[in-house]
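Here is the structure we will look at.
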There are 2 protein chains.
Amino acid sequence: MHPSEKPRASAPIRRRVTAAMVAERAGVSTATVSLVANGKASGRVSASNEILVREAIRELGYVVDSIGSSLARGVSNTVIMVAPDISNPFFAMVIAGVRAALGSEYQLLLSVTDAGQLPSAENTRRLLGLRPAGLLVDAPDPTFLQELSAPGPMVLLDAPGFGSDVPAVNLDVAQGALAIAAHLSATGHTTVAYLDGDTGTTTFDVRREAFLTAAEELGMSVPPEAQIATTINVGLAANAFATAWPSWKKAGVTAVVCATDTHAYGILQEARAAGILIPGELAVTGFDDLPYSTTSSPGLTSVHLPGELLGRRAAEQLLSLIAGEELEQQPITLESSLMVRGSTLEP
Amino acid sequence: MHPSEKPRASAPIRRRVTAAMVAERAGVSTATVSLVANGKASGRVSASNEILVREAIRELGYVVDSIGSSLARGVSNTVIMVAPDISNPFFAMVIAGVRAALGSEYQLLLSVTDAGQLPSAENTRRLLGLRPAGLLVDAPDPTFLQELSAPGPMVLLDAPGFGSDVPAVNLDVAQGALAIAAHLSATGHTTVAYLDGDTGTTTFDVRREAFLTAAEELGMSVPPEAQIATTINVGLAANAFATAWPSWKKAGVTAVVCATDTHAYGILQEARAAGILIPGELAVTGFDDLPYSTTSSPGLTSVHLPGELLGRRAAEQLLSLIAGEELEQQPITLESSLMVRGSTLEP
DNA sequence: CTGAAAGCGCTTACAG
DNA sequence: CTGAAAGCGCTTACAG
């Protein structure tokens, strides 16, 4: 028995299996092991040696060490995703899509905050120390992107208004905002409030501006005091609404458009507590069409946004970029559609 | 001008700043740079040299490369967390707690699936190639842990029944189950159904067994055909309930206890579609007390589980372990409490 | 087809 | 207090 194989009583951690150990066992060099382990053997390693190495790998349970590999190659096999809020089910759907498309070749590393804000560029730059193969940034604001100035492959998600120089997969939120305006106008509303997100992400700007423009064209008014913004959080939205409601009511507001379903849930919650009738006294709409919008009371009228698909397409684009391919059409825009439910429609 | 400094027109990626570059600028060795950059200078680097190095670091914008550092030290500065389902808001809360406690010293790497099952041990082992400083495993099943057999610091979350040999932070779900049984018995129910999760995690076993035992003691019956299990998913739970309801009704079931709020939402949804009165015809309870349980219709009676605290405490334990400290009391158990709402109580 | 060797960027005994 | 040097595990020209 080799001395180093002597079992240690207190520390039963088995020795890390290295390429050198595999090489010795197979009677080849580590270069050959590397080629076989990375699937680059064909045409460069003899069939007999390949078999020898594969056997040794299996017998020893060898796995390529990603730290060593990353250092040698200059990049790791991780993909970093920057997203504002993991506790928001919408981002969870996006992430699910990303994971699905990424497969097992790349490890997904999440840089998220809990406050609904994007992580600081400073913080994200630390993650860059992990030498990711690529970067995915969901719902960025212009400053973040500027400060980050990351090298290498990057794809933006839900990031309208960043031009076509950086690859992006967007959602047609403007179309959704138009649909809301049309629906509210058709159901007789003339004075409407807008509850925005305060993250500073451009997608919120587009939602709001598209709605305001459409509302004006349709002859609906959105009084300045009826335009407020909060963090993407049920409780905070509820509070903001509770404070604002008296003045809204005075102004004749009969509907409120929210930048996200989460904001809308806050209104639903506060309305129930305060005895405000939805949709009788106040109609409510959201963006996202989260699963809970079907089960809420009443059901929430919301712009359906294909989160899972958003993540999937973005990851696919990134994979192409990493592979060094040229991207064809940029940016990609995914369709949205309005789901009408009880929060805007009397039963 | 040094040749390598010549600006390249097409590739504006600035050269990675290395410790060697800092060392040259400061007129010291890389060993000294390493000491200063890692805060290990005191008593080992002269004050004058420390200042020189700090200046060079700032001027060059040097950041320690975590790949090189990890390789040299044998461990990285990442902590891997294994969780069954990122789209479940409960896990999102747990993760938020973990992040809060971990701070910026360690990067949190999430190994999650989307199906509500734990990732395969195989898959997680690949993440181990990143040489994490520690491991956090949420709601494991016994097999997973056995297959994983990971070395190094590890803390389990919501993992009752794993003995005291591996550090864990648990939730007092048994207490919650008792509270549900008592509440249902007190409100007159005698025949009850149980909708379980099918993940195989021990925390679900404990919830169910504790409830069944308490129900029996209180003289409530839980017919075998009224004990079913599904994945943690609103739609799947709704389907399972739709199929089971006729036989439950025949058996006299007037309440259903769900292993998670997510399961309960499925019942709420299907009940509304099928015109089943909640709680008149059927009372419903859950575990988790997610934010949506306040806004659902009716509000959901649920066992409040401190998810954020769970994550925070687990991360704190792990940090101690990584620092080589001994853990005092093991396992830690966090209290739960029953939140009674409209799904079990007539207005 | 194959292996010796250099190199990725860092940390840590070690000798001075 | 300081630096030369070895080493972490791997990959990749390069010479044969």
Side-chain angles (χ1 to χ4, degrees), chain A residues 4 13 15-53 56-57 60-78 126 128-133, chain B residues 4 13-54 56-57 60-78 126 128-133:
Chain A
S4 69
I13 302 172
R15 199 95 186 66
R16 179 175 293 278
V17 178
T18 68
M21 295 162 71
V22 175
E24 192 187 350
R25 176 146 198 153
V28 299
S29 71
T30 58
T32 303
V33 172
S34 177
L35 256 15
V36 173
N38 289 299
K40 298 176 181 174
S42 105
R44 305 213 255 163
V45 175
S46 66
S48 58
N49 265 351
E50 183 169 354
I51 291 174
L52 250 25
V53 172
I57 287 179
L60 262 31
Y62 172 67
V63 180
V64 176
D65 182 85
S66 52
I67 299 286
S69 173
S70 299
L71 186 58
R73 288 184 321 184
V75 283
S76 72
N77 60 163
T78 57
R126 293 195 53 176
L128 257 30
L130 264 58
R131 309 244 200 136
Chain B
S4 69
I13 301 174
R14 39 183 173 348
R15 198 94 188 68
R16 179 174 292 278
V17 178
T18 67
M21 295 163 71
V22 176
E24 192 188 348
R25 176 146 198 151
V28 300
S29 71
T30 58
T32 303
V33 172
S34 176
L35 255 16
V36 173
N38 289 298
K40 299 178 181 172
S42 104
R44 306 212 255 162
V45 175
S46 66
S48 58
N49 265 350
E50 184 169 352
I51 291 173
L52 249 26
V53 172
R54 287 203 188 289
I57 286 179
L60 260 31
Y62 172 68
V63 180
V64 176
D65 182 85
S66 51
I67 299 286
S69 173
S70 298
L71 186 57
R73 287 183 320 183
V75 283
S76 71
N77 60 163
T78 58
R126 293 194 53 177
L128 257 29
L130 266 61
R131 309 244 198 135

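Labels below follow one simple rule: chain letters A, B, ... track the order of the sequence lines, proteins then strands, and each chain is numbered from 1.
Distance D65(B) CG to dG7(C) P: 18 Å, rounded to the nearest Å. What separates CG of N77(A) from C1' of dC10(D) is a distance of 13 Å, to the nearest Å. Taking atom CZ on R73(A) and atom C1' on dC8(C), their separation rounds to 12 Å, with Å as the unit.
N49(B) meets the side chain to side chain donor-acceptor pair (under 3.5 Å) test with no other residue; sequence neighbours excluded. The side chain to side chain donor-acceptor pair (under 3.5 Å) check on S70(B) picks up nothing, with sequence neighbours excluded. Listed by chain and residue number, T78(A) satisfy the side chain to side chain donor-acceptor pair (under 3.5 Å) test with S76(A) (two or more places apart in sequence, or in another chain). Every residue two or more places apart in sequence or in another chain that forms a salt bridge (Lys or Arg N to Asp or Glu O under 4.0 Å) with R131(A) is listed here: D65(B).
In this structure, the side chains of V33(B) and V28(B) come closer than 4.5 Å at one or more pairs of heavy atoms. The side-chain heavy atoms of V17(A) and V22(A), taken from C-beta on, include a pair separated by under 4.5 Å. Put simply, the side chain of S46(B) does not reach to within 4.5 Å of the side chain of E50(B), judged on heavy atoms. A heavy-atom distance below 4.5 Å is found between the side chains of M21(A) and T18(A). Residues P132(A) and V75(A) fail the side-chain proximity criterion, which asks for heavy atoms closer than 4.5 Å.
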Treat a base pair as Watson-Crick or G-U wobble with both distances under 3.5 Å, then lay out DNA chain D in dot-bracket form, 5' to 3', with | for cross-strand pairs. |||.||||||||.|||
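Listed nucleotides: dG3(C), dG9(C), dT11(C). Nearest to the side chain of T32(A): dG3(C). Distance from the side chain of V64(B) is smallest for dC10(C) among the nucleotides dG9(D), dT2(D), dC10(C). Nearest nucleotide to the N49(B) side chain, out of dT11(D), dT2(D), dC10(C): dT2(D). Nearest nucleotide to the side chain of S46(A), out of dT2(C), dG9(D), dT12(C): dT2(C). Of the candidate nucleotides dG9(D), dC10(D), dG9(C), dG9(C) has the atom lying nearest to any side-chain atom of R131(A).
Using a 4.0 Å heavy-atom criterion, one finds that A19(A) contacts the sugar-phosphate atoms exclusively.
Take the nearest nucleotide of DNA chain D for V28(B) and for A72(B): the residue whose nucleotide is more 5' is V28(B).
Listed by residue number, the members of residues 35-43 of chain B with any heavy atom below 4.0 angstrom from DNA chain C are N38(B), K40(B).
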